[in-house]
There are 2 protein chains.
Amino acid sequence: MQLMLEKGAAGGGLREQKKRATRAALAEAAVHLAAEHGAEKVTVEAISAAAGVSVRTFFNYFDSRDDAFVVIDEDAGARMRRAVLDAPAELSPLEVLREAMAAELAEVEQQHELWRLHAEVLHASPHLLARGLGAHMAAEADLAAAIAERLRGADRAGGADGPGGADGAGPRAGLYPRLLAAVAGAAVRTSVDHWSAHQEEADFLDVFREVFTLLAAGLPAPSA
Amino acid sequence: MQLMLEKGAAGGGLREQKKRATRAALAEAAVHLAAEHGAEKVTVEAISAAAGVSVRTFFNYFDSRDDAFVVIDEDAGARMRRAVLDAPAELSPLEVLREAMAAELAEVEQQHELWRLHAEVLHASPHLLARGLGAHMAAEADLAAAIAERLRGADRAGGADGPGGADGAGPRAGLYPRLLAAVAGAAVRTSVDHWSAHQEEADFLDVFREVFTLLAAGLPAPSA
DNA sequence: GTGCATCTTTGCATACCATGCAACTTATGT
DNA sequence: ACATAAGTTGCATGGTATGCAAAGATGCAC
């Protein structure tokens, strides 16, 4: 073997490449068929046929039919974790998340046609919307762990916690990182949702940064 | 007919009463069976048998098997909407949500045994967790609408928006209410999650209020 | 390039999920 | 008591999802 294969990136063996292609073909077929006929009327058989594989193979890639409509990028979580841990020490936790997520979401405007279709499909059937939103939060737990790790590192390097600090070893341990991850997730969803409804009027990243500005200000009433 | 029956409340006809009882029996049977044997091993047939109804009847109450594990209170959304609209005018939007949700969540500590079981079941199978989390957000959309309505009312009564106000009729219309609803939902989930992991150490409402304090402060780093 | 180990795909069998329909039973209003 | 509306049930049907074993690709060493 020549090099350690980078797991998440493109390339690698011919096998990995084919797997990625098949998975993408299935997901794309699912979304396109759903956009045309409505998600509930699209069978696994139809998706599989459109992607050129057997029904059984579909279930080798997705745990359920609905997953094909929902999953976009499965290893975004690992990249986010990296970004949080590698961020400059002087950034506040909220800023770290804003930058990490902004980097991750940069592709949204580039592949906006795919994202728009996705949003359309999910919005058309609340069942899938719920599933998609829920899927985002599995990642939030990992993200919270990354934030907690970063904060622990900062504590050790920067200065000691005051006694009874808000996130020491007391009963509130872990509350802040979890809240931060959950709120950041809420920020992403709100931004995407708003942007996909006003796509012509504003750049996505502008919306996204305005949302974090509101968060950092403590969510004050808009006209007070 | 004597009176318009209040739809959400207890009592009413004998029919409504039986329906509520059957639904509760199904949901409770589902959770208990799941806690004992694992959610994935519980069939609709088993749930129906435990509740004393036919399989077909199960599907008259729930759209899918998973719904039985997830749904707790289906008309909480309507109560929240009411609470938001009826809240005192001097409260900030964030405070309004805090109080409305605190009132709704008061029963968490009272029925904590059921909630603990629910949390256990959902946490044991990520699939259901995602579904449960997603379900919360259907409500968030309604909640956002209620917040927007309240803000419009306050605008008309209180004073004119400054030109370019953050939530006038411009491209950002509706962003703030949606963000607020999403963040409040995140706050609830984080609080419940944290509390169910540290149930002995803190009252739920204390955790909940601390979360909102963090939000109002703009989520600053814990030791800075 | 031959051959072996590994991974992937596929068909088949099986069980469960979910819905429409028609027949039957049970509340409700007059 | 009667008619009506509402809820329950069994049956038929089709889609969803998993285990298993055979066949086909791929990667690697020689």
Side-chain angles (χ1 to χ4, degrees), chain A residues 1-7 10-27 29-30 33-34 37-71 125-128 130-131, chain B residues 1-7 10-27 29-30 33-34 37-71 125-128 130-131:
Chain A
M1 117 176 33
Q2 287 187 311
L3 270 182
M4 188 79 76
L5 296 181
E6 36 208 343
K7 269 193 203 163
L14 203 161
R15 248 174 189 163
E16 308 279 331
Q17 205 171 327
K18 266 194 162 184
K19 277 186 70 169
R20 258 191 290 279
T22 300
R23 188 186 188 87
L26 283 169
L33 287 171
H37 305 112
E40 319 299 321
K41 311 278 292 182
V42 178
T43 68
V44 173
E45 190 176 354
I47 300 171
S48 309
V53 296
S54 73
V55 172
R56 190 62 185 80
T57 295
F58 175 94
F59 286 107
N60 286 337
Y61 281 92
F62 299 98
D63 282 344
S64 83
R65 161 184 166 281
D66 291 352
D67 281 357
F69 301 110
V70 164
V71 176
S125 49
H127 172 253
L128 289 180
R131 201 175 170 79
Chain B
M1 105 178 44
Q2 287 187 312
L3 272 183
M4 191 78 77
L5 295 182
E6 36 207 342
K7 270 192 203 165
L14 203 159
R15 246 174 191 164
E16 308 279 332
Q17 206 170 325
K18 269 193 162 183
K19 277 186 69 169
R20 257 191 289 279
T22 301
R23 188 186 186 86
L26 282 169
L33 287 172
H37 304 113
E40 318 299 322
K41 312 278 292 184
V42 178
T43 68
V44 173
E45 190 176 356
I47 300 171
S48 308
V53 297
S54 72
V55 172
R56 190 61 184 82
T57 295
F58 174 95
F59 286 107
N60 287 337
Y61 282 91
F62 299 96
D63 282 345
S64 84
R65 162 184 165 280
D66 292 352
D67 281 356
F69 301 110
V70 165
V71 176
S125 49
H127 172 253
L128 289 180
R131 204 176 168 79

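Keep in mind that the numbers below use all heavy atoms, side chains included, and drop hydrogens, waters and symmetry copies. Here is how names work: the chains are called A, B, and so on, in the same order as the sequence lines, proteins then strands, and each is numbered from 1.
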K.L.:
Which residues satisfy the salt bridge (charged side-chain N to carboxylate O under 4.0 Å, His left out) test with A:Asp67, sequence neighbours excluded?
P.N.:
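In terms of salt bridge (charged side-chain N to carboxylate O under 4.0 Å, His left out), with neighbours along the sequence ignored, A:Asp67 is linked to A:Arg131.
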
K.L.:
Distances under 3.5 Å only, N/O to N/O: pair up the protein atoms with those of nucleotides 23-27 of chain C.
P.N.:
from: C:dT26; atom 1: O2; to: B:Arg15; atom 2: NH2; distance (Å): 3.4
from: C:dA27; atom 1: OP1; to: B:Lys18; atom 2: NZ; distance (Å): 3.0
from: C:dA27; atom 1: N3; to: B:Arg15; atom 2: NH2; distance (Å): 3.4

K.L.:
Could you give the CD-to-C1' distance, from A:Glu40 to C:dC17, as a whole number of Å?
P.N.:
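Spelled out: CD on A:Glu40 to C1' on C:dC17 is 15 Å.
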
K.L.:
Are OP1 or OP2 of D:dT8 and a side-chain N or O of B:Tyr61 less than 4.0 angstrom apart?
P.N.:
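Yes, because at least one side-chain N or O of B:Tyr61 sits under 4.0 Å from OP1 or OP2 of D:dT8.
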
K.L.:
Reckon A:Asn60 touches a base, only the sugar-phosphate, or nothing at all at heavy-atom distances under 4.0 Å?
P.N.:
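Answer is base: heavy atoms of A:Asn60 come under 4.0 Å of a base.
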
K.L.:
To the nearest 0.5 Å, what is the distance between CD1 on B:Ile47 and CG on B:Leu26?
P.N.:
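So the CD1 of B:Ile47 and the CG of B:Leu26 are separated by 7.5 Å.
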
K.L.:
Reading DNA chain D from 5' onward, which residue's closest nucleotide shows up sooner: A:Phe62 or B:Thr22?
P.N.:
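With A:Phe62 and B:Thr22 compared, the 5'-side residue is B:Thr22.
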
K.L.:
Report, one line per pair, each donor and acceptor closer than 3.5 Å where one atom sits in a side chain of residues 51-58 of chain A; sequence neighbours left out.
P.N.:
from: A:Ser54; atom 1: OG; to: A:Arg56; atom 2: N; distance (Å): 3.4
from: A:Ser54; atom 1: OG; to: A:Thr57; atom 2: N; distance (Å): 3.2
from: A:Ser54; atom 1: OG; to: A:Thr57; atom 2: OG1; distance (Å): 3.1
from: A:Arg56; atom 1: NH1; to: A:Asn60; atom 2: OD1; distance (Å): 3.2

K.L.:
May I ask you to list the residues of residues 47-59 of chain A, by number, that have any heavy atom positioned under 4.0 Å from an atom of DNA chain D?
P.N.:
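Contacting residues: A:Arg56, A:Phe59.
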
K.L.:
What is the separation between atom CZ on B:Arg65 and atom P on C:dA15, rounded to the nearest whole Å?
P.N.:
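Rounding to the nearest Å, CZ of B:Arg65 and P of C:dA15 are 17 Å apart.
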
K.L.:
Anything under 3.5 Å between a donor and an acceptor, one on a side chain of residues 37-44 of chain A, the other on a protein residue two or more places apart or in another chain? List them.
P.N.:
from: A:Glu40; atom 1: OE2; to: A:Ser125; atom 2: OG; distance (Å): 3.4
from: A:Thr43; atom 1: OG1; to: A:Glu45; atom 2: N; distance (Å): 3.4
from: A:Thr43; atom 1: OG1; to: A:Ala46; atom 2: N; distance (Å): 3.1

K.L.:
How many whole angstroms separate atom NZ of A:Lys41 from atom C1' of C:dA18?
P.N.:
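The answer, rounded to whole Å, is 14 Å.
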
K.L.:
Return the set of residues passing salt bridge (charged side-chain N to carboxylate O under 4.0 Å, His left out) with B:Arg65 (not counting sequence neighbours), or none when no residue passes.
P.N.:
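Expected list: none.
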
K.L.:
What is the distance from CZ of A:Arg20 to P of C:dC7, rounded to the nearest Å?
P.N.:
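In whole Å, C:dC7 P and A:Arg20 CZ are 17 Å from each other.
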
K.L.:
Expressed in angstrom and rounded to an integer, what is the separation of A:Glu16 atom CD from C:dT6 atom C1'?
P.N.:
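From A:Glu16 CD to C:dT6 C1': 13 Å.
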
